[in-house]
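Following: one structure in structure tokens, then a few remarks.
Chain letters run A, B, ... following the sequence lines, proteins first and then strands; every chain starts at 1. Quantities reported herein were computed from a predicted structural model and do not represent experimental measurements.
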There are 2 protein chains.
Amino acid sequence: MATIKDIAKLAGVSVTTVSRALNGYSDVNAKTRKRIEEIAKEIEYSPNALARSLVMNKTKTIGLLVSGLSREGAKDNIVFDVLTGINEYCGAEEYDLVLFNTTTSKQKEKTYAQLCRERRVEGVIVQGIKNDDPYLQEIFDSNIPCVLIDVPVESETAGYVTTDNVDGLMKAVRHLVELGHENIAMMNGHDQAFVSKERFKGFELGMLEAGLSVRKEWICNGEYSERKAQEVALQLLTTYPEITAVVCASDLMALGVVRAAEELGRKVPDQLSVTGYDDITLASYVTPALTTVAQDWFRMGYAAADLLLSILQQKSVDRVRLIENELKIRNTTKERV
Amino acid sequence: MATIKDIAKLAGVSVTTVSRALNGYSDVNAKTRKRIEEIAKEIEYSPNALARSLVMNKTKTIGLLVSGLSREGAKDNIVFDVLTGINEYCGAEEYDLVLFNTTTSKQKEKTYAQLCRERRVEGVIVQGIKNDDPYLQEIFDSNIPCVLIDVPVESETAGYVTTDNVDGLMKAVRHLVELGHENIAMMNGHDQAFVSKERFKGFELGMLEAGLSVRKEWICNGEYSERKAQEVALQLLTTYPEITAVVCASDLMALGVVRAAEELGRKVPDQLSVTGYDDITLASYVTPALTTVAQDWFRMGYAAADLLLSILQQKSVDRVRLIENELKIRNTTKERV
DNA sequence: TTGAAAGCGCTAACAC
DNA sequence: GTGTTAGCGCTTTCAA
């Protein structure tokens, strides 16, 4: 593979001159530069990014730590959308992305900081990490520039992007209340997620606002899983048939709840209203189409990359980016009869 | 950031010894090794992969060239699934993945080979590239180890993974024929894809096998797009109401066809049978659930990584990997009335 | 405008 | 077992 040395030899100049010529420095004779450029093209020279990074101490690379990169993650297109957003922004800024490979088994061998330092990534975007992931503490402790999706971490070198989950869930509750519902249950995810807590807060606030009481037995955890939510909802709706609406913390769980209702012979939305959260692709394709709080995952990814690069450039920007959400009313919610 | 030099100084040995100790060579005194390892841990040393790669001429990195990494690609979870499969295999083999950023605008500035050589990736996996993409020729010409998904390229350094698309489509046709259909149309994708040609071949063969004639006017192109397919199908079914079944080259297009049928007041599957291809997540969630030819994208990604690493290790394995497909009979196909 | 030389952090002959 | 030395391909003082 051709190096600047080869070019230097062929052009009869020093490597210094070649380096300068190719990097667009002004103090190079026009003719020399031209000759060097020609030779470079001819011998198909491409700069060795490794060598350059080594000496410049900059890699133009950012790391991606993705927890949901598993077979299951395909159903909600969230991870994918975020990735696309990141990719879009980084592409424009000439940054490359490296996907860190972090199976749980591997986490024991290598710490987060090791992972980052080895590859000398300039910063990291973290997605889908749970509150109890050992890496999270490390992210806190290390001072590697980092942006998290939906996990609140703020520091000199870290920030996060999220949506207003409290408000998002309130929108869902309000909608249900407007439709006359009073016996509203909530299917939350699990406790290891920041967003779960926020969404629950939104539920409480929404109910409070409407003068409705929150019944503890009507709050369940579906582990963000369709199957689990279905199971739990079956139980819930059997025990408390007076429930007329269920707000869910994810679309997948909402799908599970709808299924449970069907199992019990309760038509959605006529005999049960259900709302989701996320607006995954499935939400609008399924029958009945899900009423849900839409999050723009692409924009979140895009914003995350933007924020990270700002941090890298030492810009003193706000460390948190809030992306808007929006209630999409479709066919799983209806007036209480 | 700590280097082996630092360790060497602290341990009072040479950098060579440190290097050897940390890399598990046998010719290091046990005590020396222990001391070195302790110091390394203490000062939080992590090896600089850049420096190592530079001298070893091996990066343990493979490049990913993904065309469908766009907002649209989220609907079919194909890209994501393949990525997951690749990630899974590479993780186990300690390879990292770098996502090449290739917006079309950027392709003009940087050639494929440049992209790869700059980052010194050991090999590349290419997904979603169209026949008319300028990069494809470059992939041919360069001798960078490469594995393509669904594009037949075979050489010393290149291979591909695909499914038997001819057979896959024949399965769909056979199924329809068994249900008594004779007036079968095909909604193909576009001409820039290898798989389109194969699937069309399968259609012809399937029809031939059943003693049915292929009518040219009944073959259309939906550009692998839901909307376009719907548009085209509307036209087709209006002009030729005698058509009782449509086989599609993708699920998304099948969805479009179903929609077109609905528009025309024709119930699927009662008054029109439709088959898809891919078995994307939507396929089984939509109502009616799509009868489709399932491809295991995860396995394809996994196999691609496996094949690429084999090529890298100079193994003289077969350059093509064929993954099985399977007809999933669901609710968009029914006996002709 | 150009070149010599040093050095980024690491590995690997080779010598001791 | 351990150290010396050279060198991977590049950028960057500093001097000419």
Side-chain angles (χ1 to χ4, degrees), chain A residues 1-37 39-40 43-61 94 96 113-122, chain B residues 1-37 39-40 43-61 94 96 113-122:
Chain A
M1 213 164 285
T3 72
I4 49 170
K5 234 183 197 165
D6 299 325
I7 301 180
K9 214 170 287 170
L10 287 169
V13 295
S14 74
V15 291
T16 318
T17 308
V18 177
S19 173
R20 279 196 291 241
L22 260 23
N23 288 310
Y25 281 59
S26 57
D27 58 351
V28 178
N29 183 295
K31 272 184 195 160
T32 320
R33 156 171 288 126
K34 186 139 182 265
R35 194 152 36 99
I36 288 173
E37 278 168 351
I39 295 176
I43 66 175
E44 294 194 310
Y45 167 78
S46 3
N48 186 332
L50 294 173
R52 177 178 288 161
S53 294
L54 184 59
V55 63
M56 306 241 289
N57 212 19
K58 281 195 72 196
T59 52
K60 280 284 203 175
T61 301
E94 308 264 74
D96 272 337
Q114 270 173 329
L115 216 54
C116 299
R117 284 199 303 241
E118 274 187 22
R119 284 284 177 180
R120 292 301 193 268
V121 295
E122 296 183 21
Chain B
M1 213 163 288
T3 72
I4 49 170
K5 236 185 195 161
D6 300 324
I7 301 181
K9 214 169 286 169
L10 287 169
V13 294
S14 74
V15 292
T16 318
T17 307
V18 176
S19 173
R20 277 195 291 238
L22 261 22
N23 287 309
Y25 281 59
S26 57
D27 57 351
V28 179
N29 182 296
K31 273 184 197 160
T32 319
R33 157 171 290 126
K34 190 142 178 264
R35 193 152 38 97
I36 289 173
E37 278 168 351
I39 296 175
I43 64 174
E44 294 194 309
Y45 167 78
S46 5
N48 185 329
L50 294 171
R52 179 180 283 160
S53 294
L54 184 59
V55 62
M56 306 243 288
N57 212 19
K58 281 194 74 195
T59 52
K60 279 283 202 175
T61 301
E94 309 263 76
D96 273 337
Q114 269 172 330
L115 217 54
C116 299
R117 283 197 304 240
E118 275 186 19
R119 284 282 175 181
R120 292 302 194 266
V121 296
E122 295 183 23

Between B/Tyr25 and D/dT2, does any side-chain N or O lie under 4.0 Å from OP1 or OP2?
no
Side-chain donor-acceptor pair present, A/Thr59, A/Arg119, cut-off under 3.5 Å
no
I need the single residue from B/Asp6, B/Ile36, B/Ile4 that forms a side-chain contact (heavy atoms from CB on, under 4.5 Å) with B/Tyr45. Which is it?
B/Ile4
If the cut-off is 4.0 Å, is B/Thr32 near the phosphate of D/dT2, judged by side-chain N/O to OP1 or OP2?
yes
May I ask you to verify whether the side chain of B/Arg33 and the base of D/dG1 hold a donor-acceptor pair under 3.5 Å?
no
Would you kindly give the CG-to-P distance between B/Asn23 and D/dG1, to the nearest whole Å?
17 Å
Considering only heavy atoms and no angle criterion, is a donor-acceptor pair shorter than 3.5 Å present between the side chain of B/Ser19 and the base of C/dA12?
no
Run the side-chain contact (heavy atoms from CB on, under 4.5 Å) check on B/Leu22 and B/Ile7 step by step: do they pass?
CA-CA 11 Å; B/Leu22 261 22; B/Ile7 301 181; 4.1 Å; yes
Under-4.0 Å side-chain N/O to phosphate OP1/OP2 contact, B/Lys5 with C/dC8
yes
How long is the line joining CZ of A/Arg117 and P of C/dC8, in whole Å?
19 Å
In whole angstroms, how far is the C1' atom of C/dC8 from the CG atom of A/Leu54?
4 Å
Gap between atoms CG and C1', on A/Asp6 and D/dG7 respectively (whole Å)
15 Å
If you compare every side-chain N and O of A/Asn48 against the phosphate oxygens of D/dC8 (OP1, OP2), does one of them come in below 4.0 Å?
no
Please name the residue in the list A/Arg120, A/Glu118, A/Arg117 that meets the side-chain hydrogen bond (donor to acceptor under 3.5 Å, both in side chains) test with B/Ser46.
A/Arg117
Sugar-phosphate only, base, or nothing, as touched by B/Asn57 at under 4.0 Å among non-hydrogen atoms:
nothing
Might you point out which heavy atoms bring A/Leu50 and A/Asn48 nearest each other, and give the distance in Å?
N-OD1, 2.8 Å
Atom pair distance, as rounded to whole Å: CE in A/Met1 and P in D/dC10
11 Å
Using rotation axes that map the C1' atoms of four end pairs onto the next four (five pairs an end), what angle separates the end axes of the helix from C/dT1-D/dA16 to C/dC16-D/dG1, to 10°?
40°
Rounded to whole Å, please give me the gap between CG in A/Leu50 and C1' in C/dG9.
12 Å
OP1, OP2 of C/dG3 versus side-chain N and O of A/Thr17: anything below 4.0 Å?
yes
When you match A/Thr16 and B/Thr16 each to their closest nucleotide on DNA chain D, which lands nearer the 5' end?
B/Thr16
To the nearest Å, give me how far apart NZ (A/Lys34) and C1' (C/dT1) are.
19 Å
When you look at CG of B/Asn23, are more than 12 heavy atoms from neighbouring residues, nucleotides or ligands closer to it than 6.0 Å?
yes
Any side-chain N or O of B/Thr3 less than 4.0 Å from the OP1 or OP2 oxygen of C/dG9?
no
Whole-Å distance between C/dC10 P and B/Tyr45 OH?
4 Å
Just by distance, no angles: are the side chains of B/Thr16 and B/Ser19 close enough, under 3.5 Å, to form a donor-acceptor pair?
no
Which is more 5' along DNA chain D, the nucleotide nearest B/Gly12 or the one nearest A/Ser46? Just name the residue.
B/Gly12
Suppose we call a contact any N or O donor and acceptor under 3.5 Å apart; does that hold for the side chain of A/Arg20 and the base of C/dG3?
yes
Reported OG1-to-CZ distance for the pair B/Thr17 and B/Arg33, which is rounded to 0.5 angstrom
11.0 Å
Kindly point out which of C/dT1, C/dC10, D/dT11 is positioned nearest to the side chain of A/Asn29?
C/dT1
Per B/Ser14 side chain, nearest of listed nucleotides D/dT11, D/dT4, C/dG3
D/dT4
